[in-house]
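To keep things clear, I will list the structure first and then write my remarks on it.
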Amino acid sequence: MLDTLARTTMLTAAHLLTGVRGIAASPLPDRPCVFYGNHVSHGDFALIWAVLPPAMRARTRPVAGADYWEKGPLRRYVGRKVVRAVLIEREREKRSEDPIAQMSSVIAGGEGLIIFPEGTRNQTDEILLPFKSGLYHLGKAHRDLPLVPAWIDNLHRVLPKGELIPIPLLCTVHFGAAITVGEGEDKDAFLARARDALLAQRPAHIVEAS
Amino acid sequence: MSTTLRLFLGIFAVLGFASSVALILRRTVARGQPHAVIDNLIARINAWWVMVALVALAFVFGKGGVIVLFALLSLLALREFVTLTYTRRSDHLALALAFYLVLPMQYALIWIEWYGMYSIFIPVYGFLFLPIISALRADTTRFLGRIAAVQWALMLAVFCLSHVPALVTLQIPGFEGREILLIAFLVIVVQSSDVLQYIWGKLFGKHKVAPALSPSKTWEGLVGGVLSSTLLGASLWWITPFTPLQAAGIAFSINLMGFFGGLVMSAIKRDHGVKDWGHLIAGHGGVLDRLDSVLFSAPVFFHIVRYGFTP
């Protein structure tokens, strides 16, 4: 009850602040899939969530860093109950569980994921950081799992790094066609292809201006 | 029956007529099949019902109602404008102030009817102080373009638009208690000019006025639309403190301002490679797509009335 209320509040706030719209170049898969997006803010997954059809949203869980979401009781509550995040340990030495195994078990349980393959929030002037290999290992373990690129546009301007007050700006989430790891495709080739597929979703007027 | 009530009944009658025509077109021309022009027409008319209902609701609450309505429209318009322009992280504080301080302050100044301050607050103080705040962050990349974009956003979306509710603060001898009808006159004349230009353009449009800026603006639409909405303005003299001839002259001026406003806003959209400012109003685009002509005509109309009709 409280969890649902908190979730609705979060999604409503995302809609009111950013007027977010989802734009799908091709229809979204009608089964659980992995949305992979660019990561500029803690609110990224909320925007993807906000534009997913409710039935799909209920079966799609964001993958997030345990170091962030385990800090303090409020974050722990939001991360576990409201967002139902799949919390993974980012630092290899501290790991007690294999992140790929964690994600795989969610997929095996019939749910989808939202992941940010850059591994961390992009606070540089680069458009998109190099991808970590998790997306490849996940795709290799589930060959028929649709991996859907989701470019989140403009959210970095709503609340840039180091700022406290979010400003209302219009955001969009651009979904591309799903990809899968090809037969015999090696890690670097796949990650480059996945990254290009995500970059291809950037709206044209933004590409021209920069 | 009060003038305001008669006016709104008239508007609802016009919308009812428009909806009937659109439904007949869907039956006869589109035959129930998807049809781009007719579907867009119906979406536009439906949006008009909502917009007129919102304005009617604001009118019920009088001065406070219209100030709140236009402050919210300013917020939406400012969001659309800033979204499209180039700003950097260093502008964040200036933008936060624009949204959370300058905008509410402008409407508060109108609420307390401090004309001397609300007419210079953004053009002078916003103009001077917001660039200072951006400059303190010592990021010079495309600096002039960035501060100019913030100032333009505030001038259009807040300063110009706030002159619509400011009309209710004008004290015109013999017109006391009916000031809100000046808003009705401005909005009806300018918006009907847009609609009539669209209709004349669709029916007779051949020669484009500014093909590089806007493919839909034609000379036939411009002349037919402006003249017919000027006539409409003259026929609405009974809701204003103007004579029929004055009403026609004023309607003509604000129609021209509205047309050129649309042209300027199209140029900005073209420059940024987009067709619409946003997607809030189905069939129309964003709030700025609907308000572009009002933005340019509101301050001019305000000053005509203030200097011509108040002591």
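Chain letters run A, B, ... following the sequence lines, proteins first, then strands; residues in each count from 1. On a predicted model such as this, the values are computed, not experimentally measured, just so you know.
The closest side-chain heavy-atom distance from A:Pro166 to B:Phe99 is not below 4.5 Å. Using a 4.5 Å cut-off on side-chain heavy atoms (C-beta onward), B:Arg79 and A:Ile167 make no contact.
Listed by sequence position, A:His15, A:Leu16, A:Leu17, A:Thr18, A:Gly19, A:Arg21 are the residues of residues 14-34 of chain A in contact with chain B, using a 4.5 angstrom heavy-atom cutoff. The stretch residues 42-52 of chain B places none of its residues near chain A, where near means some heavy atom under 4.5 Å from a heavy atom of that chain.
Qualifying side-chain hydrogen bond (donor to acceptor under 3.5 Å, both in side chains) partners for B:Arg89, counting only residues two or more places apart in sequence or in other chains: none.
Note on B:Arg137 versus A:Glu163: salt bridge recorded, some NZ/NE/NH1/NH2 to OD/OE distance being below 4.0 Å.
More than 12 non-hydrogen atoms from other residues, nucleotides or ligands lie less than 6.0 angstrom from CZ of B:Phe143. Within 6.0 Å of OH in B:Tyr100 there are more than 12 heavy atoms belonging to other residues, nucleotides or ligands. The neighbour count for A:Lys132 NZ, taken as heavy atoms of other residues, nucleotides or ligands under 6.0 Å away, does not exceed 12. No more than 12 heavy-atom neighbours from other residues, nucleotides or ligands sit within 6.0 angstrom of CZ on B:Arg26.
Neither the backbone nor the side chain of B:Leu280 comes within less than 4.5 Å of any heavy atom in chain A.
Across A:Arg157 and B:Thr83, no two heavy atoms sit closer than the pair NH1-O, 2.9 Å.
The ring pair (Phe, Tyr, Trp, His ring centres under 6.0 Å) contacts involving residues 61-88 of chain A comprise A:His42-A:Tyr68, where partners must be two or more places apart or lie in separate chains.
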